[in-house]
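Only a predicted model underlies this, so the values are computations on that prediction, with no experimental measurement involved.
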Amino acid sequence: MGYDTVVVGYDGSPDADRALEAAADQVGPGGTVHVVTASHPESAARIADHLRQLPPEFRDAYEPNAPENARQQVALLRLQERGVDCEGHVVVDDPATAIIDVAEREGADLVIVGSRGLGDVRRFLRGSVSARVAVHAPMSVLIVHGTPQV
């Protein structure tokens, strides 16, 4: 027995990798894991700067969410290799809000997040994503902790 709909936050960090594995373990037969990767919107000035640096023939191919899309594809492939049905969601928002929004929209039974992400500075300025998800999500939340750093 497992959960029908599991949402997991994924940013490519080691703790997110552990959360992804936990999601694969927690989803039941016929269930789906929704992988959420948050993307921060780029300013118009920064996009214009990126486009100026590209040769003209490549300007139409510019994809501002390319790193997030690539990161997420790795996660989806790992789940598929384990035989888990999965869907990806790259969301332009802060990570906690993105995870909760997808969980609510998909009717998640469980949300799984790692205890630490990629950015210490962002965590300091905005607070912990896992803590915000645990406090604000209206469904069960599993926080996967990594091994302590010495």
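The two residues Tyr10 and Arg71 have their closest heavy-atom pair at CE2-O, 3.5 Å. Contact between Glu21 and Arg82 at its shortest, heavy atoms only, is OE1-NH1, 2.7 Å. Closest non-hydrogen pair, Ala16 versus Gly9, comes out as CB-O, 4.2 Å. Taking all atoms of both residues into account, the shortest heavy-atom contact from Ala19 to Val144 is CA-CG2, 3.9 Å. When all heavy atoms are compared, the tightest approach of Ala38 to Pro95 is CB-CA, 3.6 Å. Contact record, Gly12 with Asp17: O-OD2, 4.2 Å, taken as the closest heavy-atom pair.
Asp4 contributes no side-chain N or O that, together with a main-chain N or O of Gly31, makes up a donor-acceptor pair within less than 3.5 Å. Side chain of Thr32 to main chain of Thr5: no donor-acceptor pair is present (N/O by atom type, distance under 3.5 Å, no hydrogens or angles). When atom types are taken as modelled, the side chain of Gln72 and the backbone of His89 share a donor-acceptor pair closer than 3.5 angstrom.
Both Val27 and Leu142 sit in one connected hydrophobic cluster of ILVMFWY residues. Membership requires side-chain heavy atoms under 4.5 Å apart, directly or through other members. The same ILVMFWY cluster, assembled from side-chain heavy atoms under 4.5 Å apart, contains both Val141 and Val36.
In this structure, CG in Asp94 is found 9.0 Å from CG in Asp101, a value given to the nearest 0.5 Å. For the atom pair OG of Ser140 and CD1 of Ile112, the computed distance is 10.5 Å after rounding to the nearest 0.5 Å. Rounding to the nearest 0.5 Å gives a distance of 8.0 Å between CD1 of Ile143 and OG of Ser115. One distance of note links OH of Tyr3 with CG of Asp25; it measures 12.5 Å at 0.5 Å rounding. Atom CD in Glu106 sits 10.5 Å away from atom CE in Met139 (nearest 0.5 Å).
Inspection of the Ser13 and Asp15 side chains reveals no N or O donor paired with an N or O acceptor under 3.5 Å.
Considering only heavy atoms from C-beta on, Leu79 comes within 4.5 Å of Leu20 through its side chain. No side-chain heavy atom of Val8 sits under 4.5 Å from any side-chain heavy atom of Val113. Val111 places a side-chain heavy atom less than 4.5 Å from the side chain of Ile99. Using a 4.5 Å heavy-atom threshold, the side chains of Gln80 and Cys86 count as touching. In this structure the side chain of His34 never reaches within 4.5 angstrom of the side chain of Val6, judged on heavy atoms. Taking the side chain as every heavy atom from C-beta outward, Val91 and Thr37 never approach each other to under 4.5 Å. At least one side-chain heavy atom of Leu110 sits less than 4.5 Å from a side-chain heavy atom of Gln26. Side-chain contact between Val35 and Arg78 is absent, with no heavy-atom pair separated by less than 4.5 Å.
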